[in-house]
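As structure tokens, the structure follows; a few thoughts come after it.
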There are 2 protein chains.
Amino acid sequence: MTRSRPGPRRALSEQQILDAAHRLLAERGAEGVSIRGIAAQLGVAPNAIYTYFPDKAAVLGALVDSVLGRVGRECFADPAEPWRDRITALAVALRTELLVDAGGVALMGGVPLNGPNALAVGETLLEVLAAAGLEPEAAARASYLLTTYVLGAVSLEVAELEQPGPPPPEGERVAARATAFATVPAAHYPRSAAVAATMATYITTEQFLWGLDRILDGLAQSGTGTRTA
Amino acid sequence: MTRSRPGPRRALSEQQILDAAHRLLAERGAEGVSIRGIAAQLGVAPNAIYTYFPDKAAVLGALVDSVLGRVGRECFADPAEPWRDRITALAVALRTELLVDAGGVALMGGVPLNGPNALAVGETLLEVLAAAGLEPEAAARASYLLTTYVLGAVSLEVAELEQPGPPPPEGERVAARATAFATVPAAHYPRSAAVAATMATYITTEQFLWGLDRILDGLAQSGTGTRTA
DNA sequence: TCCTTCTCTGTACGATGTACAGAAACTAGA
DNA sequence: TCTAGTTTCTGTACATCGTACAGAGAAGGA
């Protein structure tokens, strides 16, 4: 119950700023998210933003965390499902949201995933792993492994679409990668060139799922994990 | 044998520019790598750089690739060794070099890993996987999986050391993470808080190796891979 | 009413990437 | 040897960025 404080009423809110940042991100890509741009969208002087956030890094951090919040809210899968399915659902949702919504930002700014929503997602993950029968230590390590994989996948895909602007749909990305690989000199890199065509198609959700399955295989095999299904 | 061309002799070289960039990276961190900074180090006007590279992204790309070159040169492990050891050596070397040398740059700039040295490393990886008995398709997928993991690990660690400057040694990073985790509110995130102490220590080479082992387990188990050791 | 507190604006500084034009240096051909 | 052509670097300039500083104005508490 915060007492109403003196001074003029706030014309903005943290959420409005994040919404504007999000809009900018969708329209112009990660590079296009600037304090001045956000302020312009809100019809406000650039400095007004600094009333709500201490600096740009804070805005980006909150932006990424708000995206993670959406994932957390949508991914409370049924605890009755097999743990592999629950983890897969969480991982896919994370990748998708980060990729289309905040991928560039998450990495370009070196934004640490410290926010409350990031913690909540981590908590859910630990919960599922514990329910799968992993000891706390193994669960912690597994959670870090899975996080690493998701972030790496996002990071690789983001790094590949160099130009600014909104991220192209998956089909376009695959096509672009195929042509890029077609230029690999076979004389020097015979194996890379040989798998070029197939590799191009692997930069997709399907390859992500394949890798995830291998990781889950490894986790299930690692002793402390459950062995059923 | 390139014929000598007209015009004044070049005062610089691509390598000198990359060396200066590298020096700047080590001293001031990823944010400190600027065209103007590089030019200043070389005692040259900023625009002179544009004679050698079309834009900043090209400089960063070449910088990252040169770091990868060092990895490739140092990591032609003995083909007689077990494939797991060879892959582990390659992955560890990659992570180490990217982390201490070009981690921030590799991600902050969204630099695509397209350069010749990146291709060479990928080629080596495919070679080892083929030697391990994987079919070309499985090898391609496995190579992508491993790359993703390494990049994710680097990306996570880089994101955590927020401040600019040279990356602190691993011990300091672990300590910083321990204190950060100590502030996690146990009421809201019981599991995260419970594993805080141990998780802090996992952001290390050791956790990286643990995850890598799980992945290699999954690969070995996935049918097409070799089953021996 | 006055005083305090808060929010937003105007202005400004330093830094960045890089485009443009021009001067100087060098080679190749006459 | 002279000249024309080519290349390299410099000087200057512009747009953009994050953000620091001071101040105006609105709003509540006394």
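Letters A, B, ... mirror the listed sequences (proteins, then strands); counts begin at 1. Computed from a predicted model, the values in this text were never measured in an experiment.
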Intermediate values then yes/no, side-chain hydrogen bond (donor to acceptor under 3.5 Å, both in side chains), B:R95 and B:T205: CA-CA 9 Å; B:R95 168 178 175 272; B:T205 305; 3.2 Å; yes
How long is the line joining [atom1] of [X] and [atom2] of [N], in whole Å?
| X | N | atom1 | atom2 | result |
| --- | --- | --- | --- | --- |
| B:E31 | C:dA15 | CD | P | 15 Å |
| A:Y50 | D:dC17 | OH | C1' | 9 Å |
| A:Q16 | C:dT7 | CD | P | 15 Å |
| A:I35 | C:dC13 | CD1 | P | 21 Å |
| B:R28 | C:dT16 | CZ | C1' | 13 Å |

Nearest-nucleotide comparison on DNA chain C, the residue closer to the 5′ end among B:G32 and A:V44: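 Here A:V44 is the residue nearer the 5' end.
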Nearest-nucleotide comparison on DNA chain D, the residue closer to the 5′ end among B:G7 and A:P54: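 Comparing both residues, the 5'-ward one is B:G7.
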Residue mapping more 5' on DNA chain D - nearest nucleotide basis, A:V33 or B:G43: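 With B:G43 and A:V33 compared, the 5'-side residue is B:G43.
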Sugar-phosphate only, base, or nothing, as touched by B:R36 at under 4.0 Å among non-hydrogen atoms: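 Base contact.
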Touch class at under 4.0 angstrom, heavy-atom based, for B:F53 against every strand present: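 Touches nothing.
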Ion pair B:R23/B:E27, N-O distance below 4.0 Å: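 So B:R23 does not pair with B:E27 through a salt bridge.
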Residues A:R141 and B:E206 bridged, charged N to O under 4.0 Å: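 So A:R141 pairs with B:E206 through a salt bridge.
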Distance-only donor-acceptor test, A:N47 side-chain atoms vs C:dT11 base atoms, 3.5 Å: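 Looking at the base of C:dT11, it does pair with a donor or acceptor on the side chain of A:N47 (distance under 3.5 Å).
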Minimum-distance nucleotide to A:R5 side chain [options: C:dT9, C:dT7, D:dT19]: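 Minimum distance to the A:R5 side chain belongs to C:dT7.
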